Structures are given as C-alpha cells and as structure tokens.
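Read the structure below first, then the notes.
In what follows, residues are counted from 1 in the order of the sequence shown. What you see is a predicted model; the values in this text were computed from it and never measured.
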Amino acid sequence: MTSVASLSSPDSSASEASPAPSAPSTPARRPSQERPAHPLGAHAHAWTPEQARAMFRSGVSGPTAGIAAGHTQANLISVPADWAYDMLLFCQRNPVPCPLLDVTDAGSWTTRLAAGTDLRTDLPRYRVWEHGELVDEPTDVVGRWRDDLVSFLIGCSFTFEWALGAAGVPLRHIEQGRNVSMYVTARQCRPAGRLHGPLVVSMRPVPPEHLAAAIRETSLMPAVHGSPVHCGEPSGLGIRSLAHPDFGDTVEAEPDDIPVFWACGVTPQAAVMASRPPFAITHAPGRMFVTDARDEQYRVA
C-alpha cells in the first residue's frame, strides 16, 4: 500500500505553477527579507473566483492559500453512489474535519457554490484513487469521471485566513510562499459504515501574543473547521516531527511561535487510504476549489 509519507503534494515550484500567457509572471528571486511571490503569480490574491478557475482549467497549478482573497475555498471528494451514504454519514459524524458545504447529485459536476463551474476541470490539481491507492495526480479528471460519482464539497481552513490576517495574526506559509503544513494524527475519526481513518490537521505557527486572536477568530467560522483542535506540543496529537509534514510544505516558524493545529479537510483522503473504496477522486492537498461564496458568509458573529 502507498505510504502516507509518499503522498505529500508536489512542491510548489515554478515548474508546476507555470502560468498561462495571461497570468502575471513570478519574479525569479527576491531578497530574503521581502515577501516571496505567490507560486501562482504576484497578483493571484487579486484574481476573481472566475479568473482563478479559468486559470486552473487552462492547466495552471499550485497551492491556493491566499488567492482570490475574500472568497471561500473548499475540499473535494467524489465517490461512487454506493459509497455516498457512508461518506455523508462520515461527514455528519465528524463535522469538525468534514464540514459539508454542498453535496451534488450522482454524475453531476456542478455545484451551487459557483455558477457555471465544472468540478472536473476547475481545481488546480486532483488525486485519483483506486482501492485506497493513489494512482494519478492530473490537472483535470474529465477522462476519469463516472456517471455514478457523488461529490462532497467540504469547508477549508484557507477560508478563515482573511479573518486571521485582519486580526493581525501572521500567516507564515503565505509569507514564505508555501503550502500549509498538514499532518496525520493518532486520533481516530468516528467510523461511518465502511469508512474509517485518522484525523488530519493543518498547522500554522502563531506568535504567543496572537494566540487568543487566532482561537477567537476561527471559532466564529465553524463551517470551515472552527477553532483549533490542539495548541502546543505536536506529540499531543501523535505527530513526531513538524519538519516532515505528511502533506503540503514545511513552514518555518519564528523562535517563539506556538504550533496551532486545526482539523483539516484532507481527513477524507486518509479515510480513503484506510478504508480502500474501489474508486475516488479528491483535490490535491492545498489545491482547493475556489467558490463564488464570500468568506464572511460563513462567519457566525
């Protein structure tokens, strides 16, 4: 079986994020004290959702943290209809890592979250699974699509990053032009039918003086994972080393930063690996579906 360690997302190098002709170019190198350009281009934060999806449809790929600022992002998992109830129940029983934003009809590649979109082409990168094994990571899944697939759009923590930034909380992965770090934990999710597996978390280093703000702001957005599940020593989650994330990139922390962990929408992918359904399609970790919804729509106060 493919190991978790081998399933980290492709790095966010310029070769993966080669822009289409209309995309802004990325500066070759910046002094270390300056903020790096986003792997998808210096102006990716200003793209509209429609522009972002059009870029991905053209083959542009890279992590989506910080792009189309102010718009909600979502995780994707598509499973055969005879596994759809198990997935629905898994999300209902594990609402913190798997907060549902939308569920499609069988065979449909559209969603109410974005008018005119195509879930088969409009993400920057996908993962294709067969019997729990990762078999492909294409930039579209038109050739892999099946008429019996039911798609689940799950809230993503990139959505609450606007609130963290507005509250003055530094976002180290965005500062460094990297994907967020994600880790498989020792905590097991509540099983549902044939689906079971461990909780996956994303980690953001937070300065101590901003910890209260990080907890407060994210607790107001439960539809995109809400407040942290753990703060401090990673061993409390069974994580051996922050230097070796299971998904995403290693993010450099400042000396006094506290590692803060939020439940992550990659959790269903860990369930796919553990439960081995015959077929599934997911987003590649950190390469999300950009919706038309505004971030503040999911804020409860």
Do the side-chain N and O atoms of [X] and [Y] include a donor-acceptor pair separated by under 3.5 angstrom?
{"X": "S151", "Y": "S78", "result": "yes"}
{"X": "E161", "Y": "H173", "result": "yes"}
{"X": "T139", "Y": "R57", "result": "no"}
{"X": "T159", "Y": "Q73", "result": "no"}
{"X": "H71", "Y": "R294", "result": "yes"}

Taking the side chain from [X] and the backbone from [Y], do they hold a donor-acceptor pair closer than 3.5 Å?
{"X": "T267", "Y": "L199", "result": "no"}
{"X": "Q176", "Y": "E252", "result": "yes"}
{"X": "N94", "Y": "R190", "result": "yes"}
{"X": "H283", "Y": "L76", "result": "yes"}
{"X": "R178", "Y": "T250", "result": "yes"}
{"X": "S108", "Y": "T104", "result": "no"}
{"X": "R125", "Y": "R287", "result": "no"}

What are the two closest non-hydrogen atoms of [X] and [Y], and how far apart are they?
{"X": "L119", "Y": "Y126", "value": "O-OH, 2.8 Å"}
{"X": "P170", "Y": "E175", "value": "CB-OE2, 3.5 Å"}
{"X": "P245", "Y": "G248", "value": "CG-O, 4.2 Å"}
{"X": "F90", "Y": "C98", "value": "CE2-SG, 3.9 Å"}
{"X": "N75", "Y": "G155", "value": "ND2-O, 2.8 Å"}
{"X": "T291", "Y": "A114", "value": "CA-CB, 4.4 Å"}

Chi angles and distances behind the side chain to side chain contact (heavy atoms under 4.5 Å, CB included) call for S181, L242: CA-CA 8 Å; S181 301; L242 294 181; over 6 Å; no
Can you confirm whether [X] sits close enough to [Y] that some side-chain heavy atom of one is under 4.5 Å from a side-chain heavy atom of the other?
{"X": "L153", "Y": "F289", "answer": "yes"}
{"X": "R144", "Y": "R120", "answer": "no"}
{"X": "V128", "Y": "V141", "answer": "yes"}
{"X": "P205", "Y": "P259", "answer": "no"}
{"X": "V200", "Y": "Y183", "answer": "no"}
{"X": "P285", "Y": "Q269", "answer": "yes"}
{"X": "R194", "Y": "R276", "answer": "no"}
{"X": "P198", "Y": "R187", "answer": "no"}

W83 ring center within less than 6.0 Å of F279 ring center: no
Transitive ILVMFWY side-chain link [X] to [Y], under 4.5 Å:
{"X": "L113", "Y": "W162", "value": "yes"}
{"X": "I77", "Y": "V201", "value": "no"}
{"X": "L237", "Y": "F247", "value": "no"}
{"X": "V96", "Y": "W262", "value": "no"}
{"X": "W109", "Y": "L149", "value": "yes"}

Between [X] and [Y], does at least one N-O distance fall below 4.0 Å, as a salt bridge requires?
{"X": "D292", "Y": "R53", "value": "yes"}
{"X": "R172", "Y": "D257", "value": "yes"}
{"X": "R127", "Y": "E137", "value": "yes"}

Ring geometry between H230 and F261 (parallel below 30°, tilted from 30 to 60°, perpendicular above 60°): tilted
Crowding at CH2, W145 (>12 non-hydrogen neighbours, <6.0 Å): yes
Residues T111, T117; criterion side chain to side chain contact (heavy atoms under 4.5 Å, CB included); working and verdict: CA-CA 7 Å; T111 170; T117 198; 3.7 Å; yes
Stepwise side chain to side chain contact (heavy atoms under 4.5 Å, CB included) test for F152 and L100: CA-CA 7 Å; F152 296 79; L100 279 176; 3.8 Å; yes
Derivation of the side chain to side chain contact (heavy atoms under 4.5 Å, CB included) call for V251 and V180: CA-CA 7 Å; V251 175; V180 73; 5.7 Å; no
